[in-house]
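Accompanying notes for the structure given below.
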Amino acid sequence: MNAREVAAVLEEIGVLLDLKGENPFKSRAYAAAARSLEALEADLESLLRKGHLQKLPGIGRGLAGTIATLAATGNLPYLEELRQSVPEGLVDLLEVPGLGPKRIRIMHEKLGVDSPGALRCACKQGEVAKLSGFGARTEEKILQGLAQMGKHAGNYLSSEALALAGALCERVRALRGVCEVEIAGSLRRGKEVVKDIDLVAAARVAPGVIRAFTEFPEVVRVVGSGITRASVVTGSGIAVDLRVVKPAAFPFALMYFTGSAEHNTALRRRASAQGLKLNEYGLFKGRRPTRCADEAAVYRGLDLPFILPELRENLGELEAAESGSLPELIASEDVRGLLHMHTRWSDGEDTVEEMARTAASIGLSYIGIADHSPAARYANGLDANRLKKQAREISAVNRAQKKCRVLHGIEADILVDGRVDVPAGVDLDFVVASIHSGFQMGEKEMTARLVRALSDPRVSILGHPTGRLLLRREAYAVNIEHVLAAAAGHGVAVEINANPHRLDLDWRYLRRARELGVRFVISPDAHRALDLAHYSGGVAVARKGWLTKGDVLNTQSAARLLSSLRRPL
DNA sequence: GCCGTTTTCGGCCCGACTGTTTTCAGTCG
């Protein structure tokens with residue numbers, strides 16, 4: 001097993017221990033070790049060989065043994081035992097809002113509840129309300145939670161959430177007594193996909209603000225509301241949290257509610273080590289609060305430079321901040337061009353000319369058209385004949401306008417036998433080789449197919465496997481490693497999909513890519529010119545991934561890169 | 001189960017909110 005797979009097992013053990021009602025610190029230890037492994041940059045195998053496993057934070061003698069067993073054999077008797085003793089359905093119940101391991105265990109022991117279905121039955125029969133510590137309100141909330149599980153379990157695109165969050169901010173700002181209001185949470189951290197919206201406001205008197213907020217027209221349901229905080233659900237289904245603090249506490253609250261939880265925990269630990277205490281109300285030395293005008297001042301108080309929200313994941317940013325090596329991040333305005341556009345020639349919705357015009361209007365100096373190859377019949381893929389016609393159209397667009405150079409490529413399927421579906425006899429600027437169904441096959445077959453495909457000298461960019469499956473991290477994780485390794489051996493670039501649905505690229509992969517000398521290209525996989533409006537989501541991906549300004553290509557260097565990647569036939 | 005320059009035992013981030021209680025446990029972020 002590799003580090004990520006081992007981490008998943010440790011994570012599962014932690015959850016099972018919770019459900020069994022074991023020492024919560026023990027389960028937390030497993031979760032912490034899993035996180036430590038996930039953040040691992042070095043190779044797990046070499047770490048094991050050198051016996052350096054226990055140097056990782058949160059991994060002691062016991063877990064080092066467990067990890068070694070897992071890495072070597074791929075299974076663990078302890079895990080099997082745990083799985084035997086905890087019904088599978090209990091894990092699903094953790095998804096119900098308001099239910100944690102303790103209550104789930106009580107309902108399992110007293111009522112035999114072992115799945116969401118069984119829980120629904122027990123609630124409807126009024127059994128849950130009879131349990132001590134439970135009541136009618138709790139039962140009702142569980143039923144609501146169960147209903148919501150299916151309905152609003154979804155994630156939301158950051159672009160969607162941002163629009164709503166902005167509108168709500170304006171409303172809050174207009175309320176009496178409000179001095180400041182900001183978007184916090186994962187949305188501020190630039191995540192591509194968010195589960196909810198967090199807003200933080202500063203006001204001298206909070207209750208009036210909270211009440212007004214719960215009465216906004218966007219609000220369809222008030223989940224909870226207190227003196228300083230309210231949680232609501234909006235018409236679009238997105239949950240919104242508002243916290244109101246006193247003006248002096250605003251920077252601390254903004255920082256606290258921006259998170260991530262892991263970043264916060266690390267900061268508080270750091271504060272504690274310096275004899276300070278940090279919470280959402282301030283930074284304290286004993287009982288004395290430290291004055292901070294903004295977030296940067298709070299970081300200064302902890303002897304750190306300001307850390308951009310996009311980096312606050314406790315994946316090495318504190319260490320980077322300490323050693324003065326924080327990366328300079330890409331902003332929207334840094335992006336010069338994007339590759340991999342679809343047009344009406346295959347399954348896109350706009351013409352080449354429209355794509356170019358929109359791209360130019362948002363300041364891009366080049367785009368790459370890459371419609372589907374013939375094998376993608378479902379998407380009206382282009383054969384040699386149509387590709388030649390498309391080439392003439394692109395030339396015409398390039399002659400008619402000089403603002404945005406249009407490059408001509410193709411998104412070619414990697415076929416089951418590993419051949420790349422590029423029609424012969426057409427001169428193309430680049431080829432994106434794309435795996436469309438790579439998830440069902442095993443690791444070995446996948447690698448073989450990739451290696452075969454990449455030995456085709458026409459391939460310049462390796463596209464990511466597309467589709468809903470990419471949202472499942474584990475499937476994606478296996479693939480990105482293969483993709484990088486394969487790309488390294490063949491001098492091709494790897495595509496970073498700018499469509500926020502598509503990718504959750506982690507900075508350690510970018511580091512790995514650097515080590516391997518693999519270049520990335522940013523690509524929106526856009527089907528409509530308007531989709532370009534969403535490309536800030538792509539930049540967010542890049543930012544989270546710590547792409548730096550050096551990774552941005554201008555038109556000349558993009559063309560140079562593409563031609564250098566394309567070896568002579 | 002991890003961790004330690006006041007500790008090898010006894011801590012483990014912390015505060016708000018909710019619903020159940022009559023002082024608190026569970027959950028969430």
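Within every chain, numbering begins at 1; the chains are lettered A, B, ... in the order of the sequence lines, protein sequences first and strands thereafter. Predicted model only: the values in this text are computed from it and were never measured. All values below were derived from every heavy atom in this structure, side-chain atoms included, with hydrogens, water molecules and symmetry-related copies excluded.
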Of the candidates B:dG19, B:dG1, B:dG15, the side chain of A:Ala29 sits closest to B:dG1

Which of B:dT20, B:dA16, B:dC12 is nearest the side chain of A:Arg137? It is B:dT20

When rounded to whole Å, the NZ to C1' distance for the pair A:Lys277 and B:dC14 reads 8 Å

Smallest heavy-atom separation, A:Ala266 atom then A:Asn314 atom, equals CB-OD1, 3.7 Å

Are OP1 or OP2 of B:dA16 and a side-chain N or O of A:Ser225 less than 4.0 angstrom apart?
no

Between B:dT20 and B:dT27, how far apart are the C1' atoms? Round to whole Å, please.
14 Å

Here the distance between atom C1' of B:dC17 and atom CG of A:Leu242, to the nearest Å, is 15 Å

With the side chain defined as heavy atoms from C-beta on, A:Thr228 is closest, among B:dC17, B:dG15, B:dC12, to B:dC17

Considering only NZ, NE, NH1 and NH2 on the basic side and carboxylate oxygens on the acidic side, decide whether A:Arg188 and A:Glu295 come within less than 4.0 Å. yes

Rounded to whole Å, the CG-C1' distance (A:Asp18 to B:dG1) equals 13 Å

With syn defined as a glycosidic angle within 90 degrees of 0 and anti as anything else, the base of B:dT7 is syn

Atom NE2 of A:His263 and atom P of B:dC14 are separated, to the nearest Å, by 17 Å

Considering only heavy side-chain atoms of A:Asp196, the closest of B:dT20, B:dG1, B:dG29 is B:dG29

On a plain distance test, is the side chain of A:Tyr281 in donor-acceptor contact with the base of B:dG15 below 3.5 Å?
no

So, does the side chain of A:Asp198 form a donor-acceptor pair with the base of B:dG29 at under 3.5 Å? no

